[in-house]
Amino acid sequence: MISKEQVLKALGTVQEPDLGKDLVTLNMVQDVEIDGKNISFTVVLTTPACPLKELIERDCIKAIHEHVDADANVTVKMTSNVNTNRKDNIVLPGVKNIIMVASGKGGVGKSTVSVNLALGLAQEGASVGLLDADIYGPSVPIMLGIRDERPKMMDVNGKGMIVPIERYDIKAMSIGLLVDEKQAVIWRGPMASSALKQFISDVYWGELDYLIIDLPPGTGDVHLTLVQAVPVTGAVIVSTPQAVAAADAKKAIMMFKQPQINVPILGIVENMAYFTPAELPENKYYIFGKGGAAQMADQFDLPFLGEIPLVQSIREGGDKGIPAVLDDESITQNIFEQLAQNVARNVSLRNANLQPTKIVEIQY
């Protein structure tokens with residue numbers, strides 16, 4: 001007779017590749033059931049976007065066959081419970097992880113990365129929100145095809161709350177949903193900061209695995225307001241290959257690395273890495289230079305999250321409100337899916353190995 005103890009002992013030899021411990025020690029094995037030679041159990045991953053799920057499944061089956069019974073029929077159910085190391089439950093209590101997407105410089109495709117990252121995580125099964133923090137140049141409503149929609153209000157425990165717009169299985173909020181897009185938002189810094197605070201305190205985000213915040217360019221008021229208002233899990237830096245963009249991206253990196261801010265950086269994305277014509281998908285033309293973001297990642301000892309090419313379909317998808325990660329005919333769909341997996345993987349590593357997330361206290 002096969003026992004549960006035998007199964008757990010065998011699975012205790014299977015390592016979670018990123019976290020460096022076995023599945024049993026990490027409490028990732030649940031619901032072990034045995035019926036003769038039929039063995040089934042559930043492996044609870046730290047994110048539904050885990051890029052190593054197939055490897056883990058194969059290792060589990062191999063361990064049972066090697067250590068329990070070579071003829072066993074093994075069924076591995078893969079599920080997930082996104083991990084978090086938040087210790088507070090005051091600000092955005094239902095949000096497990098808050099990820100900022102920053103660039104330092106405008107025009108590098110930061111919003112494109114934010115939108116496709118959010119949708120990529122949602123497609124993997126995560127619950128995701130997207131906050132457009134670019135008060136003066138909001139672009140998320142256009143990219144999601146919700147520019148003509150307006151948020152509604154609901155009562156939550158006696159308080160009126162704004163309900164974010166839901167599209168493509170994510171929740172989105174932007175100043176562009178509240179003002180006439182033909183009008184410029186002419187506000188001083190404190191007004192913009194106050195609006196962002198309302199997007200945090202007065203929007204009903206509910207339960208989320210990830211809240212993606214699309215930051216404006218630079219290293220100013222909005223960035224400081226947000227790190228002082230919410231416990232940020234980590235930041236994703238977006239750059240293009242050319243030196244001028246990399247120089248500004250380095251400023252964004254140094255901002256997050258300031259001792260009084262100290263927000264972990266999850267990695268660097270190189271957007272517009274090369275031009276690929278749709279009719280010649282194997283060709284790569286390095287219009288803006290080559291490898292600048294990858295070199296920057298090496299310089300600061302940061303993960304390199306991937307290269308996104310300059311292709312027409314990304315621009316067309318953003319303009320039409322159908323982002324590239326949703327387009328089965330886009331040559332970049334898989335690239336954005338891999339980006340989402342890499343970010344989710346680094347969030348899990350950050351939560352397992354670094355200090356709990358907390359709100360930054362800055363005295364200036």
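It should be emphasised that the depicted structure is a prediction, and the values quoted were computed from it without experimental measurement.
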pair [X]-[Y]: side-chain heavy atoms closer than 4.5 Å:
X    : Y    : result
I64  : D69  : no
F288 : L310 : yes
V101 : I213 : no
V325 : E337 : yes
E207 : V95  : no
I175 : Y136 : no
K284 : F275 : no
V222 : L226 : yes

Tell me whether [X] at atom [atom1] has more than 12 heavy atoms from other residues, nucleotides or ligands lying less than 6.0 Å away.
X    : atom1 : value
D169 : CG    : no
Y204 : OH    : no
Q312 : CD    : no
D155 : CG    : yes

Let me confirm one number: the [atom1]-[atom2] distance from [X] to [Y], rounded to the nearest 0.5 Å.
X    : Y    : atom1 : atom2 : answer
Q341 : L305 : CD    : CG    : 12.5 Å
E54  : D59  : CD    : CG    : 12.0 Å
N262 : F256 : CG    : CZ    : 11.5 Å
D31  : T79  : CG    : OG1   : 9.5 Å
F199 : M173 : CZ    : CE    : 4.0 Å
I165 : R147 : CD1   : CZ    : 14.5 Å

For [X] and [Y], work out which heavy atoms get closest and say how close.
X    : Y    : result
I2   : K37  : CD1-CA, 4.4 Å
L121 : A340 : CD2-O, 3.5 Å
V43  : C60  : CG2-SG, 4.1 Å
E57  : V76  : CG-CB, 4.0 Å
Y168 : A122 : O-CB, 4.5 Å

Check for me, please, whether [X] and [Y] land in the same ILVMFWY cluster - side-chain distances under 4.5 Å, paths through other members count.
X    : Y    : answer
M272 : I308 : no
M153 : L131 : yes
L45  : V347 : no
Y286 : I335 : yes
I162 : V91  : yes

Please check if the side chain of [X] supplies one atom and the backbone of [Y] the other of a donor-acceptor pair under 3.5 Å.
X    : Y    : value
N346 : L266 : yes
K96  : V82  : yes
E16  : L19  : yes
K53  : P48  : yes
R345 : T47  : no
H65  : N73  : no
D132 : V140 : yes

Inset, instruction - Take Q6 and H67, measure what side chain to side chain contact (heavy atoms under 4.5 Å, CB included) needs, and give me the verdict at the end. - result: CA-CA 8 Å; Q6 286 177 292; H67 300 286; over 6 Å; no
Legend entry - Pair T75-S40, side-chain hydrogen bond (donor to acceptor under 3.5 Å, both in side chains): steps then yes or no: CA-CA 5 Å; T75 302; S40 67; 5.9 Å; no
Inset, instruction - Give a yes or no on whether a salt bridge exists between K251 and D248, defined as a side-chain N under 4.0 angstrom from a carboxylate O. - result: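 Yes.
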Inset, instruction - Answer yes when D202 and K159 have at least one side-chain N-carboxylate O distance shorter than 4.0 Å, and no when they do not. - result: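 Answer for the salt bridge query: yes.
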Legend entry - Residue pair S348, D18: steps toward the side-chain hydrogen bond (donor to acceptor under 3.5 Å, both in side chains) verdict: CA-CA 9 Å; S348 295; D18 286 329; over 6 Å; no
Inset, instruction - Give the C-alpha distance, both sets of side-chain angles, the deciding distance and a yes or no for side chain to side chain contact (heavy atoms under 4.5 Å, CB included) between L211 and I99. - result: CA-CA 6 Å; L211 174 62; I99 303 170; over 6 Å; no
Legend entry - Single hit among T233, N97, T84 for side-chain hydrogen bond (donor to acceptor under 3.5 Å, both in side chains) with N351: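 By the side-chain hydrogen bond (donor to acceptor under 3.5 Å, both in side chains) criterion, N351 pairs with just one of T233, N97, T84: N97.
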Legend entry - Non-neighbouring partners of R315 that pass salt bridge (charged side-chain N to carboxylate O under 4.0 Å, His left out), sequence neighbours left out: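 Per chain and number, R315 pairs via salt bridge (charged side-chain N to carboxylate O under 4.0 Å, His left out) with D319.
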Legend entry - Evaluation steps, side-chain hydrogen bond (donor to acceptor under 3.5 Å, both in side chains), between D209 and S127: CA-CA 5 Å; D209 294 321; S127 53; 3.2 Å; yes
Inset, instruction - Show your reasoning for whether side-chain hydrogen bond (donor to acceptor under 3.5 Å, both in side chains) applies to T240 and N271. - result: CA-CA 5 Å; T240 54; N271 193 29; over 6 Å; no
Inset, instruction - Examine the side chains of N83 and T46 and answer whether a donor and an acceptor come within less than 3.5 Å of each other. - result: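 No - no donor-acceptor pair under 3.5 Å links their side chains.
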